[in-house]
Amino acid sequence: MPEGNSIHRFAREHTRDLGGRTVRVSSPQGRFSREASRLNGRAFLRAEASGKHLFHHWQGGLIVHVHLGMFGWFYRRDASDAQPRPTVRMRLATPEVTWDLIGPPTSELVTDQERARILARLGPDPLAPRPGARRFARALANHRKTVGDALLDQRVSAGVGNIYRAEALFLTGIHPLRPAAALDPAAAAAVWQTLRGLMRRGTREGRTTTVAADELDPAERRSGVEAFYVYQQERCRRCGGRIRRFPLTDRVMYACPKCQRRR
DNA sequence: CTAGTATGGACAA
DNA sequence: TGTCCCTACTAGC
């Protein structure tokens, strides 16, 4: 279940594995069969990530738009792994490697205009090279609801999902129910920098772990399991207090009432 | 077997 | 606001 870090990582890996190569494209599950037959045998040019959206650019100007939604994922297979699961929506295969796409609500051919329209409705992406701190601060200041709501709004910060919103607000000591517009500029800047740091780490490591290396206990370090400060936690890693959980933007929000101030 | 859960988002009204 | 899309895994009968 992907947030922006996963999408950016997939884009890198797809470009590395498939860029400039002739690719066999198929749809074992069947819902991408027409598109697959148009793409099959073409050269894959590059993958592009913005927020949680992924675009595959193909020879001849064809563009595939993928959104993984809540369940979608890409699986990298050894080239010898010939048998796809029946649920594979799109299989991209070269002699060296195979990528299987499973479970996306969106997998479609789009025009360049449609791609531009999708990009235009996204706010700044903490993983984009282009600096976004000012746009982010402006979007927060204009947001009518809480900062917790705001961080999940893709027009405010594209690519942030339920884990990163909870963890970034914990690390900045901000309670999610504060009105977004009430954050002062320093707090907004701190949230942005924290999101950037967490998500860059997540992209690099290929997991969503947010806890600093020196705060992991030895068992966690050994196991390599993802570790969080508040997301799905019972007790606060810093103060030992009970983590509160409550619905926010139709998702479950987690916060430590002691470490995260309401104002 | 069924129900419930999970890191998301578009669209209609 | 509600409806729909989409998969895999788990707990419980």
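In the text below, chain A, chain B and the rest are named by the order of the sequence lines, each starting its count at 1. It should be emphasised that the depicted structure is a prediction, and the values quoted were computed from it without experimental measurement.
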> Base, sugar-phosphate, or nothing: which does A:R85 touch, judged by heavy atoms less than 4.0 Å apart?
Replying inline: sugar-phosphate

> Just checking A:R207: base, sugar-phosphate only, or nothing, at a heavy-atom cut-off of under 4.0 Å?
Replying inline: nothing

Figure out the [atom1]/[atom2] separation between [X] and [N], and round it to whole Å.
X	N	atom1	atom2	result
A:D100	C:dA8	CG	P	11 Å
A:D250	C:dG2	CG	P	9 Å
A:R155	B:dA10	CZ	C1'	12 Å
A:L68	B:dG9	CG	P	10 Å
A:R89	C:dA8	CZ	C1'	15 Å
A:M90	C:dC6	CE	P	16 Å

> Where the side chain of A:I102 is concerned, which of B:dG9, C:dC6, C:dA8 is the nearest nucleotide?
Replying inline: C:dA8

> Regarding A:D149 and A:T146, is there a side-chain donor-to-acceptor distance under 3.5 Å anywhere?
Replying inline: yes

>> Roughly how many Å apart are B:dG9 and C:dC9, using the C1' atom of each and rounding to a whole number?
In response: 23 Å

> When you compare C:dA8 with B:dA10, how far apart are their P atoms, in angstrom units rounded to a whole number?
Replying inline: 23 Å

>> Hydrophobic clustering (ILVMFWY, side-chain heavy atoms < 4.5 Å, transitive) - are A:W58 and A:F32 grouped together?
In response: yes

Does a side-chain N or O from [X] land closer than 4.0 Å to OP1 or OP2 of [N], or not?
X	N	result
A:R121	B:dA10	yes
A:Q29	C:dT7	yes
A:T87	C:dA8	yes

>> Would you say that A:R242 contacts A:R235 through its side chain, given a criterion of any heavy-atom pair below 4.5 Å between the two side chains?
In response: yes

Polar atom pairs (N or O), protein with nucleotides 4-7 of chain B, under 3.5 Å:
| from | atom 1 | to | atom 2 | distance (Å) |
| --- | --- | --- | --- | --- |
| B:dA6 | O3' | A:Y231 | OH | 3.2 |
| B:dT7 | OP1 | A:N162 | ND2 | 3.4 |
| B:dT7 | OP1 | A:Y231 | OH | 2.9 |
| B:dT7 | O4' | A:E3 | OE2 | 3.2 |
| B:dT7 | N1 | A:M1 | O | 3.1 |
| B:dT7 | O2 | A:M1 | O | 2.5 |
| B:dT7 | N3 | A:M1 | O | 3.3 |
| B:dT7 | O4 | A:E226 | OE1 | 3.2 |

> Going through the distances and angles, do A:Y75 and A:W99 end up as a ring-ring contact (aromatic ring centres under 6.0 Å, His included)?
Replying inline: CA-CA 6 Å; A:Y75 296 88; A:W99 280 96; 9.0 Å; no

>> So, applying side-chain hydrogen bond (donor to acceptor under 3.5 Å, both in side chains) with A:H65, which one of A:R115, A:E108, A:E114 is it?
In response: A:E108

> Hey, does the side chain of A:E167 reach the backbone of A:R165 with a donor-acceptor pair shorter than 3.5 angstrom?
Replying inline: no

> What class does the angle between the rings of A:F44 and A:H56 fall in, given that below 30° is parallel, 30 to 60° is tilted and above 60° is perpendicular?
Replying inline: perpendicular

